[in-house]
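For reference, the structure is listed below as structure tokens.
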Amino acid sequence: MYRRIKGTKDILPDEVAQWQYIEKFISERLERNNYREIRTPIFEMTELFARGVGADTDVVSKEMYTFTDKSHNSLTLRPELTAPVARAFIQNNLSQISPVTKVYYIGSLFRQERPQKGRLRQFNQFGFEIIGSEYPEADAEVIQTMYDIYTQLGINDLVVRVNSIGSRESRKQYLEVLRFALKPYIRDFCSTCQERMDKNILRLFDCKIENCHKILDEHAPSIIDHLDVEDAQHFEEVKSLLDAAYVPYEIDNKLVRGLDYYTRTTFEITSSLLGAQDAICGGGRYDHLVGDLGGTPTPAVGVASGMERLLLILNELQAIPPKETNLIYMAVIGDIARQVAFNISTTLRSRGFTVEVDFLRRSLKAQMRDAGRKGAKWVVIIGENEINNNKILLKNMSTGEQRKILLSSAVDQIEATII
RNA sequence: GUGGGUGUAGCUCAGGUGGUAGAGCGACAGGUUGUGGCCCUGUUGGCCGCGGGUUCAAGUCCCGUCACUCACCCCA
């Protein structure tokens, strides 16, 4: 038997209805902020991610689906969407259309990791980006909008965590201070942390080992205290905008994030309803990405949210309304009746109704049972008696009431009754 | 890559100390010459993940293997 690839998922019809619900909700909500959808290719040159996301990050160094095509190009299934969007922004000269570009996306991403709750190898994110503004109101809008989407969907146990990791310049100075402060304790850290001390010291804060944590708590200077004047001012304004919008948040000065492109604001929103992977979205400011990818340096801020994790929460909360059906079921008995039913259903469909006809030539009882199970609101019954009398039956499944209607004007009468 | 848990009917799961399989739900049908939901009855349905070993005998014990799952690292 063939099985699906590890870390992938079949989304069956019942669940597709849920996906359609949140996709529609998200796009309608984002278009109210005048974000416009962008769709980029599923794969890109490997180099884009190495340069954009950072060659030393875990995502790039060990989680990418990379392959060589027949032209010997190294291609990669996209593991994230900010770099592709930045590439599209540059390549299509979007900055020339408007000084600020606001786009959103919904799509599949690929990372080869061990699957677990809320983490698949092919997974879906929606996200949005504001490219072209360096001001804190852009940061605040991104955070506030995502928070608003979640609460409007019915989630209320959210924790918004924000931090500022400074500009590249101020961070460089902070890292010097940090390295100097931790140097005396280098032997006390775990081996991963000792490696990171040289490669990417900021990610020491990602370590979950208690002892490492303890050393950091006792001896690491806070990044917030080492922001330069502009960074600090920016961060203050982001916070006061969030206050003004009544977005509750916590400052978490250990929130660094595993992708290299972030500057200044970083944030994530977590939910206790998820498992160990409790971040439902993550994002931040990335003022150098566009420039690093060869475009005119352009400040930007954005966020990405995991769709599977969102669905996990919404199902836990039973916050997805059932899909409304307005099904008309044609129950038929006999060859002539089948002919007639075929024509009537075709006409009804052309007028916009949802119509299903029995395909198994089953007993009327079986067809009624089938109609009930499928949630049909109405059943049209056509048997030999009906054909002989030129009158067919229209049954209301919720009241059980049924009436005879003239076969010659059946469609018009069905339409008049149902609407 | 590392560790834990689990693999028995379409689904959720029972199956002390080894004796060649069961329930609930579902599906199908009957109880109503042609009428759903509730109820009753019946039917259908499984090389017990796969391979090997011990044994007169293995779903059950041993070894291996694969899959799924949760967690670690990291991320959404």
Side-chain angles (χ1 to χ4, degrees), chain A residues 1-9 12 14 53 56-64 79-82 106-127 146 190-193 195-196 200 203 205-209 212 255-259 268-271 274-283 302-313 327 329 331-334 337 358 360 362-388 392-402:
Chain A
M1 184 167 68
Y2 292 103
R3 306 183 53 85
R4 85 186 86 81
I5 305 295
K6 183 202 284 289
T8 63
K9 191 169 156 17
L12 302 177
D14 283 342
V53 181
D56 288 335
T57 60
D58 282 8
V59 168
V60 170
S61 63
K62 56 183 200 193
E63 296 171 2
M64 294 204 298
E80 62 100 54
L81 262 160
T82 302
I106 301 177
S108 281
L109 306 179
F110 305 84
R111 291 181 199 170
Q112 188 165 184
E113 329 171 65
R114 255 320 211 278
Q116 64 192 73
K117 186 179 168 103
R119 190 219 316 226
L120 294 171
R121 290 183 170 184
Q122 177 179 352
F123 62 105
N124 293 276
Q125 286 186 345
F126 77 94
M146 193 57 102
C190 70
S191 57
T192 322
C193 281
E195 266 177 52
R196 285 177 176 169
N200 192 344
R203 286 193 45 212
F205 290 112
D206 279 339
C207 190
K208 302 248 163 70
I209 294 172
C212 299
L255 180 64
V256 293
R257 305 203 59 71
L259 311 181
E268 65 182 31
I269 301 178
T270 58
S271 164
L274 292 167
Q277 312 304 321
D278 64 350
I280 178 173
C281 76
V303 61
S305 171
M307 304 272 284
E308 283 78 6
R309 290 183 191 180
L310 180 55
L311 235 16
L312 235 45
I313 295 171
L327 176 65
Y329 192 98
V332 294
I333 305 159
D358 170 70
L360 294 175
R362 289 183 282 190
S363 69
L364 183 60
K365 181 190 173 87
Q367 293 186 54
M368 293 303 295
R369 192 180 340 114
D370 193 33
R373 218 171 359 228
K374 284 176 173 156
K377 294 274 195 303
W378 301 87
V379 175
V380 175
I381 300 168
I382 311 176
E384 277 153 31
N385 297 339
E386 286 70 31
I387 297 294
N388 293 336
I392 64 177
L393 301 173
L394 179 62
K395 175 164 182 165
N396 180 324
M397 290 295 273
S398 46
T399 65
E401 179 189 353
Q402 85 184 10

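As the structure is a computational prediction, the values presented were derived from the model and not from experiment. Note on naming: letters A, B, ... go to the chains in the order of the sequence lines (proteins, then strands), and numbering restarts at 1 for each one. Values below: all heavy atoms of this structure, side chains included; hydrogens, waters and symmetry mates excluded.
- By the salt bridge (Lys or Arg N to Asp or Glu O under 4.0 Å) test, A:Lys374 pairs with A:Glu356, A:Asp370, sequence neighbours left out.
- Under the rule for a side chain to side chain donor-acceptor pair (under 3.5 Å), the partners of A:Ser305 that lie at least two apart in sequence or sit in another chain are A:Tyr150.
- Listed by chain and residue number, A:Asp10 satisfy the salt bridge (Lys or Arg N to Asp or Glu O under 4.0 Å) test with A:Arg4 (two or more places apart in sequence, or in another chain).
- Under a cut-off of 6.0 angstrom, the local environment of CD1 in A:Ile5 is sparse, with at most 12 non-hydrogen atoms contributed by other residues, nucleotides or ligands.
- When the nearest nucleotides of RNA chain B are assigned to A:Leu120 and A:Ala376 by heavy-atom distance, the more 5′-ward of the two goes with A:Ala376.
- If you check every strand for non-hydrogen atoms under 4.0 Å, A:Gly127 touches nothing.
- Contact annotation for A:Gln277: base contact, defined as any heavy-atom pair under 4.0 Å involving a base atom.
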Q: Do nucleotides 43-50 of chain B as a string where each nucleotide becomes B, S or -: B if the base has a protein heavy atom under 4.0 Å, S if just the sugar-phosphate does, - if no protein is that close.
A: --------
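- Looking at residues two or more places apart in sequence or on another chain, you find no side chain to side chain donor-acceptor pair (under 3.5 Å) involving A:Arg369.
- Side-chain contact annotation: A:Asn124 with A:Glu308, donor-acceptor N/O pair under 3.5 Å present.
- By the side chain to side chain donor-acceptor pair (under 3.5 Å) test, A:Gln277 is found to be paired with no residue, residues two or more places apart in sequence or in another chain being considered.
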Q: Assign a letter to each nucleotide of nucleotides 2-9 of chain B from its 5' end: B, base within under 4.0 Å of a protein heavy atom; S, sugar-phosphate only; -, no contact.
A: B-------
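- A:Lys62 meets the side chain to side chain donor-acceptor pair (under 3.5 Å) test with no other residue; sequence neighbours excluded.
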List every contact pair, protein side and nucleotides 66-68 of chain B side both N or O, where the distance is under 3.5 Å.
residue	atom	partner	partner atom	Å
B:rA67	O2'	A:Arg3	NH2	3.4
B:rC68	OP2	A:Lys6	NZ	3.0

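- For A:Glu386, there are no salt bridge (Lys or Arg N to Asp or Glu O under 4.0 Å) partners two or more places apart in sequence or in a different chain.
- The C1' atoms of B:rG42 and B:rC56 are separated by 39 Å, rounded to the nearest whole Å.
- Interface remark: the A:Gln402 side chain does form a donor-acceptor pair with the B:rU35 base, using a distance-only criterion of under 3.5 Å.
- When heavy atoms are screened at a 4.0 angstrom cut-off, A:Glu384 is found touching base atoms of the nucleic acid.
- Comparing B:rG45 with B:rC25, their C1' atoms sit 14 Å apart, to the nearest whole Å.
- Listed pair A:Gln367 / B:rG36 fails the phosphate criterion, with no side-chain N or O lying under 4.0 Å from OP1 or OP2.
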Q) Can you give the dot-bracket line for RNA chain B, using ( ) for pairs inside the strand, [ ] for pairs that cross earlier ones, | for pairs with another strand and . for unpaired bases, where Watson-Crick and G-U count if both distances are under 3.5 Å? A) (((((((..((((........)))).(((((.......))))).....(((((.......))))))))))))....
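- Residue contacts shown for A:Leu310 are absent, as no nucleic acid heavy atom lies under 4.0 Å away.
- When distances are taken from the side chain of A:Lys395 to each of B:rG34, B:rA76, B:rU35, the shortest belongs to B:rU35.
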Q) How would nucleotides 25-30 of chain B be written as a contact map, 5' to 3', with B for base contact, S for sugar-phosphate-only contact and - for no contact, using protein heavy atoms under 4.0 Å? A) --SSS-
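- The residue A:Ala279 sits close only to the backbone: its heavy atoms come under 4.0 Å of sugar-phosphate atoms, none of a base.
- Distance check on atom C1': B:rG46 versus B:rA14 gives 15 Å, rounded to whole Å.
- The base of B:rG34 sits with one of its N or O atoms less than 3.5 Å from a complementary donor or acceptor on the side chain of A:Glu386.
- A:Leu109 comes within contact range of no nucleotide atom at all, as no heavy-atom separation falls under 4.0 Å.
- Side-chain N/O atoms of A:Gln125 include none lying less than 4.0 angstrom from OP1 or OP2 on B:rA76.
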